[in-house]
Q: 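Could you have a look at this structure, given as structure tokens, before my questions?
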Protein chains: 2
Amino acid sequence: MSGYAPSEAARRSGFSLDTLRYYEKIGLLSDIGRTSGGRRVFTDDDLSWLLLFRCLRDTGMPIAEMCRYAELARAGEHTAGERQALLERHAERVEEQMRLLRRQYDHLREKIRFYERPTGPE
Amino acid sequence: MSGYAPSEAARRSGFSLDTLRYYEKIGLLSDIGRTSGGRRVFTDDDLSWLLLFRCLRDTGMPIAEMCRYAELARAGEHTAGERQALLERHAERVEEQMRLLRRQYDHLREKIRFYERPTGPE
DNA sequence: CTTCAACCTGGAGCGCACTCCAGGTCAAGC
DNA sequence: GCTTGACCTGGAGTGCGCTCCAGGTTGAAG
């Protein structure tokens with residue numbers, strides 16, 4: 001079950017080894033376990049955090065904001081409302097981002113269509 | 001009709017004045033007109049280029065690739081096929097990007113749902 | 001016991017896309 | 001004619017998010 005080597009955690013999360021170390025260094029990840037020899041051991045719980053971070057990064061959340069979220073979570077259950085609000089605000093930004101992306105994608109397709117028949121413009 | 005001051009071009013394209021100057025400096029924009037006093041004058045044609053660049057940037061195309069596109073366009077009509085292919089490849093990347101964004105958005109919404117009722121996790 | 005790939009640390013370096021600055025010029029309105 | 005705000009240039013600086021490096025350690029396999 002739990003106990004993944006760094007390379008395995010990297011593989012499963014899609015982050016590089018360097019990025020995992022970096023995330024720990026800046027305090028985004030904390031209390032990552034170690035073997036007696038000093039090597040990191042990632043638990044299932046660490047992994048689920050990483051998958052959340054992957055989601056947040058992929059949707060464009062800045063690292064500083066993920067740090068804020070992680071801090072809140074560490075602070076305890078009483079921050080649940082604030083955490084929810086943070087994710088909600090982010091989700092709304094993502095919606096806007098999706099709308100913009102779709103709109104610009106349509107522009108792009110329109111542009112490509114100009115090349116598709118008689119003779120292209122420009 | 002044609003002849004926009006830099007600030008107007010910035011307003012219409014959504015790029016900053018500095019970015020417009022930067023784009024000209026790196027050769028993304030070329031042959032931007034000038035007044036006798038040395039000030040830039042943007043034409044409708046320049047504006048439509050800017051709107052294309054806005055579309056490409058918003059969809060994540062790196063500047064180097066936009067430069068390549070602009071160069072091809074300057075080279076003449078015989079590069080139309082290559083230009084089309086470039087845009088087509090980009091559009092496919094955008095599609096992938098939209099799929100990922102939607103997937104991660106769904107994850108995010110799912111995560112938020114955990115906060116919505118009994119007692120949130122983490 | 002040896003080997004060797006995976007891991008460790010601290011810190012420097014990088015790529016991208018701007019953004020800002022100093023010091024000067026231009027031109028429309030009063 | 002003077003003021004003032006928009007504009008000019010070349011070049012330095014910034015913020016973000018990693019990524020790479022040197023030099024050393026660990027531990028499973030043979």
Side-chain angles (χ1 to χ4, degrees), chain A residues 3-43 46-47 49-50 52-70 90 93 97 100 104, chain B residues 3-43 46-47 49-71 90 93 97 100 104:
Chain A
Y4 306 100
S7 58
E8 182 66 11
R11 200 186 60 74
R12 294 201 184 213
S13 66
F15 292 116
S16 74
L17 286 172
D18 269 322
T19 298
L20 293 182
R21 288 194 272 257
Y22 168 69
Y23 282 180
E24 191 179 355
K25 181 149 51 181
I26 63 174
L28 183 54
L29 297 171
S30 64
D31 301 321
I32 299 297
R34 300 294 181 119
T35 66
S36 57
R39 295 175 177 208
R40 289 175 184 79
V41 182
F42 292 84
T43 64
D46 296 330
L47 249 292
W49 271 100
L50 286 176
L52 175 61
F53 293 150
R54 169 58 42 219
C55 166
L56 297 177
R57 287 298 295 131
D58 283 347
T59 52
M61 183 183 282
I63 284 181
E65 201 168 336
M66 303 199 308
C67 285
R68 168 123 188 88
Y69 181 86
H90 180 59
R93 284 197 303 269
Q97 190 187 340
L100 174 63
Q104 296 293 36
Chain B
Y4 306 99
S7 57
E8 182 66 10
R11 200 186 61 72
R12 295 202 183 212
S13 66
F15 291 116
S16 73
L17 286 172
D18 269 321
T19 298
L20 293 181
R21 289 193 271 257
Y22 168 69
Y23 281 180
E24 190 179 356
K25 182 150 49 180
I26 63 173
L28 183 53
L29 296 170
S30 65
D31 301 321
I32 299 297
R34 299 294 182 120
T35 66
S36 57
R39 297 176 174 208
R40 287 174 185 81
V41 181
F42 292 84
T43 65
D46 295 330
L47 249 292
W49 272 100
L50 285 176
L51 293 180
L52 175 61
F53 292 150
R54 167 96 340 245
C55 165
L56 297 177
R57 287 299 295 129
D58 283 348
T59 52
M61 183 183 283
I63 284 183
E65 201 168 333
M66 302 199 309
C67 285
R68 169 119 187 90
Y69 182 86
E71 266 170 45
H90 179 60
R93 284 196 304 269
Q97 191 187 339
L100 174 63
Q104 297 291 38

Q: Can you tell which of dG11(C), dC7(C), dC8(D) lies closest to the side chain of K25(A)?
A: dG11(C)

Q: S13(A) versus T19(A): any side-chain heavy-atom pair under 4.5 Å?
A: no

Q: Does the side chain of R40(B) reach to within under 4.5 Å of the side chain of R34(B), using non-hydrogen atoms?
A: yes

Q: Could you pick out which residue, T35(A) or P62(A), lies toward the 5' side of DNA chain D when each is mapped onto its nearest nucleotide?
A: P62(A)

Q: Tell me what R21(A) touches on the nucleic acid: a base, only sugar-phosphate, or nothing, going by heavy atoms under 4.0 Å.
A: base

Q: Could you check whether any side-chain heavy atom of I32(A) comes within less than 4.5 Å of a side-chain heavy atom of D46(A), counting everything from C-beta outward?
A: yes

Q: Tell me which nucleotide among dC18(D), dT19(C), dC7(C) gets nearest to the side chain of T19(B).
A: dT19(C)

Q: So does R39(B) reach the base of dC26(C) with its side chain, donor to acceptor, closer than 3.5 Å?
A: yes

Q: Counting side-chain heavy atoms from C-beta on, which of dC7(C), dC21(C), dG17(D) comes nearest to D18(B)?
A: dC21(C)

Q: Examine dC7(C): is either OP1 or OP2 under 4.0 Å from a nitrogen or oxygen in the side chain of R34(A)? Give yes or no.
A: no

Q: Taking for each residue the nucleotide of DNA chain D with the nearest heavy atom, is it G38(A) or Y22(A) whose nucleotide lies nearer the 5' end?
A: Y22(A)

Q: At under 4.0 Å between heavy atoms, what does Y23(A) touch on the DNA or RNA strands: base, sugar-phosphate, or nothing?
A: sugar-phosphate

Q: Looking at E8(B) and R11(B), is any side-chain nitrogen of the basic one under 4.0 Å from a carboxylate oxygen of the acidic one?
A: yes

